[in-house]
Amino acid sequence: MAIFILSEGIGRLLPSGWLLPFAVVFIGLTLLRTWTSGRTNTRDRDLHGRTILVTGGFTPTGLEILLGLANRGAQIVALVPDLSDPVVQVLVQLIQQTTGNELVYAEKCDITSPSSIRQFHETFVKGKTGTGMHAESPRVDAVIFCHEYAHIGVWRRLGRSKARRLEEEDRRRKNAYGTFYFSTLFLPFLLRSPEDRDVRFINVVNPLYAASISQFEPKGVTSIAASTSAPLGQLESERSLRSI
């Protein structure tokens with residue numbers, strides 16, 4: 001019955017002469033997507049005993065990362081600009097209940113504010129955060145930066161004034177500086193980690209950055225944000241490349 005209804009619906013939407021070309025194109029695009037996605041990593045690594053800091057953890061991409069890490073047993077410290085946000089509190093509880101991992105915490109750290117980053121660094125290194133880690137030398141195995149992944153988006157670009165685009169580009173620039181400052185500030189602390197500890201900095205980047213490598217030129221904030229003639233794909237690829 002379901003197959004009959006599906007065939008009737010397709011027959012009404014597509015003329016009979018278009019069914020074969022449509023099927024060929026659909027299969028071709030599916031195979032192309034599968035091939036360009038690369039090999040699938042089937043290794044499910046156990047992360048029990050590992051501590052991971054995550055920025056932008058409550059974005060759609062960040063939530064998927066938090067769930068994946070929590071399911072593998074990692075101790076997670078998600079950095080947020082405002083701890084009093086009820087959405088953050090609810091999401092932390094949901095992740096803990098869904099994954100059965102109670103070692104999921106949120107700490108205040110506004111990645112666009114140098115003073116907030118310094119304050120988090122001082123409290124974390126001294127073991128005075130609210131994450132339950134009171135050791136003299138807290139363990140850090142990885143830092144995952146997700147806050148720069150958000151793309152420009154066609155809907156965000158339409159109807160935006162030049163001043164609004166400049167404001168959004170300035171915010172993205174502050175996010176990039178925050179990543180650099182956070183990494184630089186934590187580097188001496190991480191260099192004191194045991195030699196056998198594999199500490200990683202991971203920057204979640206839109207793969208579209210590869211499209212602008214051959215023609216990328218450093219530009220000022222004004223020229224990028226105010227551009228209305230450049231294709232959206234070019235703007236997004238340049239934004240992705242600058243976030244690396």
Any side-chain heavy atom of V140 within less than 4.5 Å of one from S193? no

Classify the angle between the aromatic ring planes of F120 and F182 as parallel (below 30°), tilted (30 to 60°) or perpendicular (above 60°). parallel

Is there a continuous path of hydrophobic side-chain contacts, each under 4.5 Å between heavy atoms, that joins L185 to Y177? no

Do other residues, nucleotides or ligands put more than 12 heavy atoms under 6.0 Å from Q89 CD? yes

Quick one, S113 with S115, criterion side chain to side chain donor-acceptor pair (under 3.5 Å). Give me CA distance, side-chain angles, the key distance, then yes/no. CA-CA 5 Å; S113 171; S115 60; 3.0 Å; yes

To check you understand the geometry: which heavy-atom pair defines the closest contact between I111 and T179, and what is its length? CG1-N, 4.4 Å

Looking at side-chain heavy atoms only, is the closest gap between L91 and L63 below 4.5 Å? yes

Test item: E107 and F124 side chains (from C-beta on) under 4.5 Å apart, heavy atoms: no

Euclidean distance, R192 CZ relative to R197 CZ, rounded to 0.5 Å: 12.0 Å

Go through it in stages, so that I can follow the logic: the residues are N71 and N101, the test is side chain to side chain contact (heavy atoms under 4.5 Å, CB included), and I'd like the CA-CA distance, side-chain angles, deciding distance and then a yes or no. CA-CA 7 Å; N71 280 321; N101 185 351; over 6 Å; no

Heavy-atom distance under 4.5 Å between the side chains of I65 and I144, does that happen here? yes

State the OH-NE2 distance between Y181 and H121, to the nearest 0.5 angstrom. 9.0 Å

Intermediate values then yes/no, side chain to side chain contact (heavy atoms under 4.5 Å, CB included), L66 and V104: CA-CA 9 Å; L66 292 182; V104 180; 5.7 Å; no

Quick one: CG on L190 to CZ on R200, what's the gap to the nearest 0.5 Å? 14.0 Å

Under a 4.0 Å threshold between the charged nitrogen and the carboxylate oxygen, would K108 count as salt-bridged to D110? no

So which heavy atom on C146 is nearest to which on G62, and how close? SG-CA, 4.4 Å

Interatomic spacing from CD1 in I76 to CD1 in I95 - rounded to 0.5 Å: 7.0 Å

Can you find a heavy atom in the side chain of L103 that is under 4.5 Å from one in the side chain of T51? no

Does F58 form a side chain to side chain contact (heavy atoms under 4.5 Å, CB included) with V80? I'd like the steps, not just the answer. CA-CA 8 Å; F58 298 101; V80 295; 3.2 Å; yes

Does the side chain of L29 come within less than 4.5 Å of R33's, by heavy atoms? no

Side chains of L79 and V54: does their closest heavy-atom pair fall under 4.5 Å? no

Are F180 and V205 linked, directly or through intermediate hydrophobic residues, by side-chain heavy-atom contacts shorter than 4.5 Å (ILVMFWY only)? no

A106 to L83 - nearest heavy-atom pair and separation: O-CD2, 3.4 Å

Beyond-backbone contact of C109 with I117, side-chain heavy atoms, under 4.5 angstrom: yes

Does R139 form a side chain to side chain contact (heavy atoms under 4.5 Å, CB included) with D141? I'd like the steps, not just the answer. CA-CA 7 Å; R139 175 183 181 128; D141 295 274; 2.7 Å; yes

Aromatic rings F145 and H147: how do their planes relate, parallel, tilted or perpendicular, breaks at 30° and 60°? perpendicular

Just verifying a value: how many Å separate L31 CG and F26 CZ, rounded to the nearest 0.5 Å? 10.0 Å

